[in-house]
Asks: 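Please see the structure below; I have some questions.
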Amino acid sequence: MKAKVLVCFSGLLFLLGSLVLTGNGVAQPPQSEELKVAMITVLTGPGSFWGLAFHRGAEFAFSDINKAGGAVVGGKKYTFKYWAEDDKYKPEESVLVANKLIFTDKVKFIFGPLSSASCLSVGPFCERNKVFNVADSYTPELTMPGKNLYTVRTQGFIPKLLCGAMVSKFKEMFPNLKTIVAIYPDDATGQSANAVAKSYLGPAGYQIIDEVPYPRGTKEQRPLVTKALVKKPDALWIMSSPPEDMCVQVREARLMGFKGPIWSTGTVDPKFLQSIAGVEASEGVVTAYYDPTAEGASPEMVEYGKRYLAAYPGTWDPSSEVFYATAYMLKKAMEMANSIDPTAIRDLFLREDIEWPSMFGPTFMKGRERLHPQLFAIIRGGKTMNISAYPPGYPEAKKKK
Amino acid sequence: MEVIAAIFDNGIIISSSVLLMALGLSLIFGVLGVVNLAHGSLFTLGAFISYFICAKFRINFLFALPPAAVIGFFIGIFIEKTIFFPLRKELLSGIIAAFGLSFIIEVLLGQIFGLDIKGVPPVVKRGFHFGPLHMDAQRLLILGFAALLATALVFFIHRSRIGRAIRALAQNSELSLLMGINTSFIRLLTFGIGVSLATSAGVLMSPVRYIDPYIGGELLIEAFAAIILGGLGSIYGAIVGSLVVGFLMAAGLFFFSAWAYAILFGAIVVVLVIRPQGIIPFESG
């Protein structure tokens, strides 16, 4: 008798277990599948300051998305398995890492890499294997028509967008100024940044009366700044100078009595500028930077900045927002496309009518680039303030009047 | 007129910076025959001492000058005693050792202070106009110190007893020994003074440049150019060479910014082909 009861009980248990395991029983947990997203970035050595910032932004976002239940696609839940791989800022390493991610790890969504050469190497590879790639670099070649068709860029601070927005803000603040001298490092980055800035400054009614290209990293900046000031410009534009060069240029210009506006298209932390050039010399200077703890930051940005600085004290880098936003864009695209197919996701990123989530405000994609209101830092009364402007091509209807 | 004034004031300013470096370099080479490639890193050490004292005690960077000069002096004595004296007969080994020392100092500074860029606030932030010339107080201070140190060094070398001993050692070390000069002591003293000049230069230049462990490299190249042009080992040569380098750099950076170094070294090649011993050779300087 006892044996019969035991057999029946075991049978019942087996039946219940089978129901649970096959998903037909009442105890079935919600379906959830893991979707791999990997970033190729710089985690060690030169460039790791930016590389880590990119990674941390994506890590924050995917962790939040997963905690909130992930993405729901076709009634099915997807959580994200996100991780970053180090390419040491070397294009050959980027290709090796991409190869591993695509063929060994079977990843269908790749963020990064960081440098232009790396992006241009990985882009065609992703296209051949139909892997959706959100890259980061400044090169215009990356998103040229017909090239790297599975790659988009969500880095809004590329020279074309940044300079366009900066010039419009400059025009708004200094409509009566006429003459400008451009200072830039005499290399590919400096020359292209200068060409882009000129293409906006000229049509805006400013006359570039002199250009001062210089060898990047020149320690003695005084003769260069003297040359820039001899023609008595109304304003100085410093294009793509490394932060340390730019700080010394600002200091020398102010010591020589220049009181006009100095605008820099380089990402220079105002606090760093003040520490090198001095607080007085830095007054009124504008750089392509934003400070989440300063006036003019959106509430989301303040929240994000606090969180970032609490987790990584003293390491704030504006680039961290790029892949934070991209992670949310990917989730939205999957849910909108109702698919996890990389081609379908890519097609949604190509649409110009979709408003994407961003802490900068209404954000759109245009020509495989992300357009969002640009923020710059201006130093006033010794304090940093964020000011904003719209990049060229930003939908007129969405601009705040 | 403004262009000429700009080149003139920049020329004077760059010359004074180069001279601060070139004096110590020239002294060490002229007397001891040591090509001290670590001179740039010792300059950097001076700049870091300035940064440390300013940041730690929140005082004027000029307070860093005496400790930097003293620290430099004793470091000079130490490295002469432990590295360059044992290698005094091996020129190539001495150069490699100096190169290695330079790396060690840079890595140590990077490890102690970090690799991020630092700055030292200038004492006076205003500029002065002298007709079309424009000078800021900080640069005037450097100019004044460079002139003072060059004059003091010339007097010390030519008028003092120790100076005469240094010159004797530079001309003939064996004969100096026979004449009763304590050559080991003079070698130590010379190296100490030379390095002390490098660290003092680092302090004086700290408010006009940013600071990282590698800032000495560019100025070292310019200082080497100055002493080669002026005449290796000659103090007067270092002064003249620094002026030539300063004005060439000022004009080069002004007219052909990206070509400034090519112009400078092109001029050096021309001068050396015409006058290999330099403008004021050691015997006369």
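Just the heavy atoms: all of them, side chains too, but no hydrogens, waters or symmetry mates, feed the values below. None of these values were measured; they are calculated from a predicted model.
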Asks: Find out whether A/Pro223 and B/Ile14 are in side-chain contact, i.e. whether some heavy atom of one side chain is under 4.5 Å from a heavy atom of the other.
Replies: yes

Asks: Would you indicate whether B/Phe265, at its atom CZ, is surrounded by more than 12 heavy atoms from other residues, nucleotides or ligands within a distance under 6.0 Å?
Replies: yes

Asks: Examine whether an atom of A/Val230 lies under 4.5 Å from a heavy atom of chain B, and if so say whether it belongs to the side chain, the backbone or both; otherwise answer neither.
Replies: both

Asks: Are any non-hydrogen side-chain atoms of A/Leu224 and B/Phe254 less than 4.5 angstrom apart?
Replies: no

Asks: Is the closest side-chain heavy-atom distance between B/Ile215 and A/Lys219 below 4.5 Å?
Replies: yes

Asks: Do you know which of A/Phe49, A/Phe272, A/Tyr214 has the most heavy-atom pairs with chain B at a distance under 4.5 angstrom?
Replies: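 Answer, by heavy-atom pair count under 4.5 Å with chain B: A/Phe272.
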
Asks: Start with the C-alpha distance between A/Asp245 and B/Tyr210, add both sets of side-chain angles, then the distance that settles side chain to side chain contact (heavy atoms under 4.5 Å, CB included), and finish with yes or no.
Replies: CA-CA 8 Å; A/Asp245 288 1; B/Tyr210 60 82; 4.0 Å; yes

Asks: Any side-chain heavy-atom pair from A/Arg222 and B/Arg139 closer than 4.5 angstrom?
Replies: yes

Asks: Would you name the heavy atoms of A/Glu220 and B/Ser17 that are closest together and state the gap between them?
Replies: OE1-OG, 4.2 Å

Asks: Would you say CZ of B/Phe99 has more than 12 non-hydrogen atoms from neighbouring residues, nucleotides or ligands within 6.0 angstrom?
Replies: no

Asks: Counting only heavy atoms not in A/Tyr89, do more than 12 sit closer than 6.0 Å to its OH atom?
Replies: yes

Asks: Where does A/Thr226 contact chain B at under 4.5 Å (heavy atoms): side chain, backbone, both or neither?
Replies: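 Both parts, heavy atoms under 4.5 Å.
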
Asks: Measuring from atom CD1 of A/Ile276 to atom NZ of B/Lys118, what distance do you get when rounded to the nearest 0.5 angstrom?
Replies: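 A/Ile276 CD1 to B/Lys118 NZ: 9.0 Å, rounded to 0.5 Å.
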
Asks: With only heavy atoms counted, which part of B/Phe255 is less than 4.5 Å from chain A, the side chain, the backbone, both or neither?
Replies: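 Just its backbone gets close to chain A.
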
Asks: Check this for me, if you would: do B/Arg209 and A/Glu252 make a salt bridge, where the nitrogen-to-carboxylate-oxygen distance has to be below 4.0 angstrom?
Replies: no

Asks: Below 4.5 Å from any heavy atom of chain A, which atoms of B/Leu219 appear? Answer side chain, backbone, both or neither.
Replies: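 No part of B/Leu219 comes within 4.5 Å of chain A.
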
Asks: Take atom CG of B/Leu148 as the centre, draw a 6.0 Å sphere, and report whether it contains more than 12 heavy atoms from other residues, nucleotides or ligands.
Replies: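 More than 12 heavy atoms, drawn from other residues, nucleotides or ligands, come within 6.0 Å of this atom.
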
Asks: Tell me if the CH2 atom of A/Trp50 is crowded by more than 12 foreign heavy atoms within 6.0 Å.
Replies: no

Asks: Just wondering, are more than 12 heavy atoms of other shown residues or ligands nearer than 6.0 Å to CZ in A/Phe60?
Replies: yes

Asks: Heavy-atom distances under 4.5 Å only: say whether A/Lys232 touches chain B with side chain, backbone, both or neither.
Replies: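 The side chain, not the backbone.
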
